[in-house]
Number of protein chains: 2
Amino acid sequence: MAPETKKILIADDEPDILEIISYNLQLHGYSVFTAKDGEHAIKIANEVHPDLIILDIMMPKKNGIEVCKQLRSQTDFQDTIIVFLTALNDELSHVRGLEFGADDFITKPISPKVMVSKVNSFFRRINKQDSSRAIEMGDLRIEPEEYVVYYKDQPINLAKKEFELLSYLASKPGRVFLRNEILNKIWGNDVIVGDRTIDVHIRKIRQKIGIDCITTVKGVGYKFEL
Amino acid sequence: MAPETKKILIADDEPDILEIISYNLQLHGYSVFTAKDGEHAIKIANEVHPDLIILDIMMPKKNGIEVCKQLRSQTDFQDTIIVFLTALNDELSHVRGLEFGADDFITKPISPKVMVSKVNSFFRRINKQDSSRAIEMGDLRIEPEEYVVYYKDQPINLAKKEFELLSYLASKPGRVFLRNEILNKIWGNDVIVGDRTIDVHIRKIRQKIGIDCITTVKGVGYKFEL
DNA sequence: CATTTTGCTTAACAATTTATTAATCTTGCA
DNA sequence: TGCAAGATTAATAAATTGTTAAGCAAAATG
């Protein structure tokens, strides 16, 4: 949502693989970060908040599964795509990986070309999820394609940020989104904006929509509920 | 999550129990299958792939624990909720059950009404996939993602500190938390607050929740129990 | 190309909610 | 009884959010 170029983190202990893959992904317009072991991967992930994380299963310090497990336990990485790099016949890793929240697998060895096309398809998948599904709650309908919200079938025009913010909150009704999560998702983790910015947008949404659909949880964040 | 109606398999060797429970669950819109012994249960499970499996521990042919063990070894049943029916004080079964992958326990004897509400809560749990960290005790449900506590499905809004304090105590029901532990965890080791601060928060929680779920252990601390 | 409109952000201040303290009761128990 | 630990209450402090208006930049308009 926030940044245009997608960020990818690749963690593998073989420098050659890292280099080849990241070079090819960069050629295709991705912003690539690399990590040489599990702990490093977690560090980078927290710094740049990638859109996609590719983890080798076998790594020093912390293996891929542990990294995945740990990242998934952070709310920031609930929606990040995480995929594993596995050896061809490593069935066990597949099963265990899925248990811990991996989204998919890529089997080694893999050509750069195939890798790029796989990555493209991951992002196609995520984009569909994000945008093509209308969210409907009571008299409120959010149409991602139109960038419009309807209340009792009357269209309400929200500005871009307002719309993204509302959509984000409404993506999981009832769940509280921390102010930080919101900043990361809507503004991007590298953007620094003032304290009151979110509030002002929330206010505008409330104002335009006219009904109370966003609840403040003081000291925590906001949530969408009717 | 393909089908709308949830499928439940109940295995018990007492026909009366089977009938009463399944009748009541059906009234509430569930699709119920029954099995009269362990082997039967495995057969049915493989045929209908239930969303929830309730196993009596003591059954002919194969006991509940063996059934659970076997089902869990099949990948199909990795994500199925499996719960045991146990006698009130059968601690051993509890322990062994958990080892073999049970998700929860229901203690006999149990009223149809309680059974239905338990089953409902299992499905709430599964629906909110990620919010599996919800704590549930009796009529009380703590939803960390929502920052809300429910009592008999009625939401109760706690302030941040109150919520954190209750969550902390409820994370290990029955265990006494020293005042110092609480201070360290909720306030941080470096923060200095007066003696009565905890008390006041405890009071507010008790007041808002309305039932006695926090017990004072004089000279020691507090514990959560129902 | 100038003008207008729209959207985003900020700053200042108001309002509200939450946290803490201090003072005063209760209660259990030696 | 009298003390000690905790409960209760209300007052006050602190933290957080709401509101408004204004400035600026980018986009839209004529």
* **Derivation of the side chain to side chain contact (heavy atoms under 4.5 Å, CB included) call for B/I205 and B/V149** => CA-CA 10 Å; B/I205 296 171; B/V149 173; over 6 Å; no

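- Between A/T216 and D/dG18 there is a side-chain polar atom (N or O) within less than 4.0 angstrom of OP1 or OP2.
- Closest-nucleotide positions on DNA chain C for A/I198 and B/H201 were compared, and the one nearer the 5' end corresponds to A/I198.
- Nucleic acid contact for A/F163: none, since no nucleic acid atom lies under 4.0 Å from a heavy atom of the residue.
- Put simply, the side chain of B/D51 gets close to the backbone of B/K7: a donor and an acceptor are under 3.5 Å apart.
- Residue A/I192 contributes atom CD1, which lies 15 Å from atom C1' of C/dT10 at whole-angstrom precision.
- Counting to the nearest Å, the C1' atom of C/dG7 and the CD1 atom of A/I205 are 13 Å from each other.
- Straight-line distance from the CG atom of B/D195 to the P atom of C/dA22: 11 Å, rounded to whole Å.
- Between A/V191 and A/L183, the closest side-chain pair of non-hydrogen atoms is not below 4.5 Å.
- Not one side-chain nitrogen or oxygen of A/R203 sits closer than 4.0 Å to the OP1 or OP2 atom of D/dG18.
- With distances taken from any side-chain atom of B/R179 to the nucleotides D/dT9, D/dG6, C/dG7, the minimum falls on D/dG6.
- In this structure, A/Y222 atom OH and D/dG18 atom P are separated by 4 Å, rounded to whole Å.
- The phosphate of C/dT10 (OP1 or OP2) has a side-chain N or O of A/T197 nearer than 4.0 angstrom.
- Considering only the side chain of B/V200, D/dT9 comes nearest among D/dT9, C/dC8, D/dT20.
- The CZ atom of A/R196 sits 13 Å away from the C1' atom of D/dT20 (whole-angstrom rounding).
- Side-chain nitrogen and oxygen atoms of A/W187 include none within less than 4.0 Å of the OP1 or OP2 phosphate oxygen of C/dC8.
- A donor and an acceptor atom sit less than 3.5 Å apart, one in the side chain of A/K218 and one in the base of D/dT16.
- The side chain of A/R206 contributes an N or O atom lying less than 4.0 Å from OP1 or OP2 of D/dG18.
- What separates CG of A/L158 from C1' of C/dG7 is a distance of 12 Å, to the nearest Å.
- When rounded to the nearest whole Å, the span between CD1 of A/I202 and P of D/dT16 equals 17 Å.
- Here the straight-line distance linking atom CG of B/L158 with atom OG of B/S167 works out to 8.0 Å at 0.5 Å rounding.
- Spacing between atom NZ of B/K160 and atom P of C/dT20 amounts to 11 Å, rounded to whole angstrom units.
- The shortest distance between side-chain heavy atoms of A/R175 and A/K223 does not fall below 4.5 Å.
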